[in-house]
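Along the sequence shown, the residues carry numbers beginning at 1.
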Amino acid sequence: MKQSEKKITEMTREEILAERAYYEEIVKNCKYEKPQDIADLFQAYTMLIWKHKQVGRVYDFYYDGLQEQRDGGANLNGSEHVVWDTLCALSRFPDLDCIFVDIHCTGNPKDGFRFGQVVYNLAGAKGGIGPNGPGKDLAFEPFEDLEMCECWIEFIDGKWRVAKEASIRSNGAYRRILG
């Protein structure tokens, strides 16, 4: 799957609209038949949420009864909690750009799917608001804010949903930037 080399803040209006349309087309046309369908879907979905700031997309794919287990115990329960957490992260890093390193999926339509992805974020805290006030004039180095997750996709209430997620991230990078 193609990925723009530019942060959204570096893109023209036309580039933003074209990239967003590209990802929306993948989401709209997913067949949910093969593992690669799911890998493409969630790469597009991740980019729409994190790069294009379409946080409401969480409601499209996260099960309301979701349990997300996180390193350090900052677990999330349900889609509302995922939306809240995503908005908090974006408020800390307004120019956040998610870079995919890898995504791999296994499974089938009968038993469900399971995928793992690795991303890193490029972002600065300048202009953001963190738990200790305004962000510092610092930015992540490439691969410093590394995130890995594994998601279980199940057919729930007539729709494919993220039913469970386990994730870890480089929390030291957050502490360095936000204090």
Side-chain angles (χ1 to χ4, degrees), residues 1-4 8 16-94 96-123 145-171 174:
M1 174 179 292
K2 73 176 185 172
Q3 183 174 349
S4 172
I8 201 160
I16 291 169
L17 293 174
E19 184 177 270
R20 190 173 68 199
Y22 171 75
Y23 291 134
E24 288 171 346
E25 197 65 25
I26 291 168
V27 169
K28 182 174 130 185
N29 293 315
C30 183
K31 302 284 188 233
Y32 301 91
E33 294 172 348
K34 301 176 292 196
Q36 190 60 50
D37 295 341
I38 304 303
D40 291 346
L41 172 71
F42 278 92
Q43 184 171 353
Y45 156 74
T46 299
M47 298 307 287
L48 286 169
I49 289 174
W50 291 100
K51 184 173 184 178
H52 291 273
K53 316 306 187 238
Q54 294 183 1
V55 180
R57 294 259 180 194
V58 167
Y59 296 115
D60 294 345
F61 291 104
Y62 276 80
Y63 172 54
D64 290 338
L66 165 86
Q67 298 293 309
E68 181 179 345
Q69 303 300 313
R70 291 177 143 189
D71 62 328
N75 299 336
L76 302 178
N77 298 302
S79 56
E80 290 287 335
H81 201 183
V82 174
V83 167
W84 173 82
D85 186 70
T86 303
L87 289 170
C88 286
L90 290 173
S91 72
R92 291 177 177 125
F93 304 103
L96 187 134
D97 191 22
C98 182
I99 310 296
F100 263 82
V101 177
D102 189 27
I103 186 167
H104 176 75
C105 185
T106 61
N108 59 63
K110 179 180 175 259
D111 302 315
F113 297 93
R114 184 175 177 167
F115 76 86
Q117 68 183 32
V118 179
V119 301
Y120 68 91
N121 297 308
L122 291 178
D145 185 35
L146 191 63
E147 295 183 49
M148 294 170 266
C149 76
E150 183 173 22
C151 294
W152 289 260
I153 313 302
E154 298 175 8
F155 200 71
I156 301 170
D157 297 332
K159 191 170 184 181
W160 287 102
R161 301 277 190 174
V162 176
K164 291 189 300 184
E165 182 172 348
S167 63
I168 60 173
R169 76 172 316 135
S170 305
N171 289 312
Y174 255 54

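Among residues two or more places apart in sequence or in another chain, the side chain to side chain contact (heavy atoms under 4.5 Å, CB included) test is passed with Val118 by Val101, Leu146, Met148. The side chain to side chain contact (heavy atoms under 4.5 Å, CB included) search around Thr106 returns His104, Arg114, not counting sequence neighbours.
Heavy-atom minimum distance, Lys51 versus Asp97: CD-OD1, 3.5 Å. Scanning all heavy atoms of the two residues, the minimum distance from Cys149 to Glu165 falls at CB-OE2, 3.5 Å. Minimum interatomic distance between Asp64 and Ser79 (heavy atoms only, all atoms of both residues): OD1-OG, 2.6 Å.
Distance check: Leu87 CG to Arg92 CZ gives 11.0 Å after rounding to the nearest 0.5 Å. How far CD of Glu150 is from CD of Gln69: 12.5 Å, rounded to the nearest 0.5 Å.
By the 4.5 Å heavy-atom criterion applied to side chains, Val55 and Leu90 are counted as neighbours.
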Is there a side chain to side chain donor-acceptor pair (under 3.5 Å) between Asn77 and Gln67? Walk through the geometry before answering.
CA-CA 5 Å; Asn77 298 302; Gln67 298 293 309; 3.2 Å; yes

Pair Arg57-Glu24, salt bridge (charged side-chain N to carboxylate O under 4.0 Å, His left out): steps then yes or no
CA-CA 11 Å; Arg57 294 259 180 194; Glu24 288 171 346; 3.4 Å; yes

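Salt-bridge formation is not detected for the pair Asp71/Arg169: no Lys NZ or Arg NE/NH1/NH2 atom is positioned less than 4.0 Å from an Asp or Glu carboxylate oxygen.
Ring orientation note: the planes of His81 and Trp84 are tilted relative to one another, at an angle of 30° to 60°.
Phe100 has its ring centre no less than 6.0 Å from the ring centre of Tyr120.
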Output side-chain donor-acceptor pairs under 3.5 Å for residues 151-161, partner residues at least two apart or in another chain, one line each.
residue: Lys159; atom: NZ; partner: Asp60; partner atom: O; Å: 3.3
residue: Arg161; atom: NH1; partner: Tyr59; partner atom: O; Å: 2.9
residue: Arg161; atom: NH1; partner: Tyr62; partner atom: O; Å: 3.4

